[in-house]
Student: 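Before I ask anything, here is the structure I am working with.
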Number of protein chains: 2
Amino acid sequence: MAFSPLLQNLISALRCLPGVGPKSAQRMALHLLERERDAALTLSQALVEAVENIGECSECRTLSEDPVCEICASASRDRSLLCVLESPVDMLAVEQTGGYNGTYFVLKGHLSPIDGIGPDALGIDQLVERVSQGEVKELILATNPTVEGEATSHYIVEQLKDDPVRITRIAHGVPVGGELEYVDGGTLAHALAGRRSLR
Amino acid sequence: MAFSPLLQNLISALRCLPGVGPKSAQRMALHLLERERDAALTLSQALVEAVENIGECSECRTLSEDPVCEICASASRDRSLLCVLESPVDMLAVEQTGGYNGTYFVLKGHLSPIDGIGPDALGIDQLVERVSQGEVKELILATNPTVEGEATSHYIVEQLKDDPVRITRIAHGVPVGGELEYVDGGTLAHALAGRRSLR
């Protein structure tokens, strides 16, 4: 005896969620059916509505219900600053610092030839095109501090080598609140090389 | 700036899944929207179909698409044996041992007065009624070896004190393949008390 077909179906469908293996999917399916039937229907509805109505902002490529997202449409943002990020979550993280009032460009990933993700998939042409219009005075590369993120930043710099725009990279260094003892060598080397004068 | 309303909606809806906190829900929502839109629609469909069509077996209370589940409907199962379990997953686990050919009764939980789960919610009346019909010769209590599971078993025994049915409890002891060194004291005490003669 296995589970009934519809239950088996639900268990397989739950596997599309990141980090959900066969055991968790089974636990989730049974939990929903035994205790949370209303919530399951709400979730079903939310999934359809999100998939059908959330597209991407035509300017910054973040997830958005409107053709142009709230930030790109806002008159109070400084359009001379453009921050390049790997994902909409990173955008939220930067917004939550409260210290940035420029605009964004979301790559939705990083260069990864092995997975077939090239410059096209990341909209790098669109980014270069936007910079070439001249409104952007500084391009802040805030891709992840990983090998792929660095490679992606490097590629963008290459593509813009003939453009006079100022290009910066977010600082690497020791995290605030961390202890030097536990910081890896690469980070510490960056922190020393990027030292700033206090007086 | 927060996420757009529909995205926020999806993130909240995902929180109904067990073990999914705010961060995982956010990661799941973005993953689905960025990479798995088809899978999200499939999941939505699977949720509705499961909730609408999966009810419970009128005999054993397990999750079933039919009024009576496959096992209860089968002519080849020994109806004189009735195994009482806390959940449909436990039923699957017992089935997978391949060593049991009796029938089941699923409580869907354990007694937990603090959560308002009493004998009614567990269908204990229905269980007592079924046993009193006389077809069941042995009632095997296979609730979890936890305080709540033991209390639930104890309660069932109390309810059947005037019935001549044979009542057994699954054995507590050292798990197969485990090492004595790592077995907790309570389990070891049970294993010693429940020792069996080899010759």
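Hydrogens, waters and symmetry mates play no part in the numbers below; they use all other heavy atoms, side chains included. Naming convention: chains lettered A, B, ... in sequence-line order (proteins, then strands); numbering from 1 in each chain. Keep in mind that this is a model prediction, so the values were computed, not measured.
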Student: I'd like to know if the side chain of A/Asn144 and the backbone of A/Thr146 have a donor-acceptor N/O pair within less than 3.5 Å.
Tutor: no
Student: Less than 4.5 Å to any heavy atom of chain B: does that hold for the side chain of A/Leu63, its backbone, both, or neither?
Tutor: side chain
Student: For the interface with chain B, which of A/Asn9, A/Val20, A/Leu6 has the highest count of heavy-atom pairs at distances below 4.5 Å?
Tutor: A/Leu6
Student: Using a heavy-atom distance cut-off of less than 4.5 Å, which residues of residues 10-18 of chain B contact chain A?
Tutor: B/Leu10, B/Ala13, B/Leu14, B/Cys16, B/Leu17, B/Pro18
Student: Does the B/Thr187 side chain pair with the main chain of B/Val174, one donor and one acceptor, at a distance under 3.5 Å?
Tutor: no
Student: Under 3.5 Å, is there a donor-acceptor pair between the B/Glu138 and B/Ser80 side chains?
Tutor: no
Student: Just by distance, no angles: are the side chains of B/Ser76 and B/Ser74 close enough, under 3.5 Å, to form a donor-acceptor pair?
Tutor: yes
Student: Transitively linked via ILVMFWY side-chain contacts under 4.5 Å: A/Ile124 with A/Leu82?
Tutor: yes
Student: Find the one option among A/Pro5, A/Gly19, A/Ala39, A/Cys69 whose heavy-atom pairs under 4.5 Å with chain B are most numerous.
Tutor: A/Pro5
Student: So which residues of residues 46-57 of chain B are in contact with chain A at a heavy-atom cut-off of under 4.5 Å?
Tutor: B/Ala46, B/Leu47, B/Val48, B/Glu49, B/Ala50, B/Val51, B/Asn53, B/Ile54, B/Gly55
Student: Heavy-atom pairs under 4.5 Å with chain A: which of B/Ser87, B/Gly109, B/Ala40 has the most?
Tutor: B/Ala40
Student: Counting heavy-atom pairs closer than 4.5 Å to chain B, which one of A/Glu65, A/Arg35, A/Arg27 comes out on top?
Tutor: A/Glu65
Student: Does any N or O in the side chain of B/Asp163 come within less than 3.5 Å of the main-chain N or O of B/Val165, such that one atom is a donor and the other an acceptor?
Tutor: yes
Student: So, A/Glu150 and A/His172: side-chain donor and acceptor under 3.5 Å apart, yes or no?
Tutor: yes
Student: Which heavy atom in B/Arg77 sits nearest to a heavy atom in B/Tyr104, and how many Å separate them?
Tutor: NH2-CE1, 3.6 Å
Student: Among A/Asp38, A/Leu41, A/Asp66, A/Thr42, who wins on heavy-atom pairs under 4.5 Å with chain B?
Tutor: A/Leu41
Student: Quick check: are there more than 12 heavy atoms from other residues, nucleotides or ligands sitting under 6.0 Å from CZ of A/Arg79?
Tutor: yes
Student: Can you name the closest pair of heavy atoms from A/Ser58 and A/Gln126 and give their distance?
Tutor: O-NE2, 2.9 Å
Student: Between the side chains of B/Thr143 and B/Ser153, is a donor N or O closer than 3.5 angstrom to an acceptor N or O?
Tutor: yes
Student: State whether a side-chain donor-acceptor pair under 3.5 Å links A/Arg130 with A/Thr103.
Tutor: yes
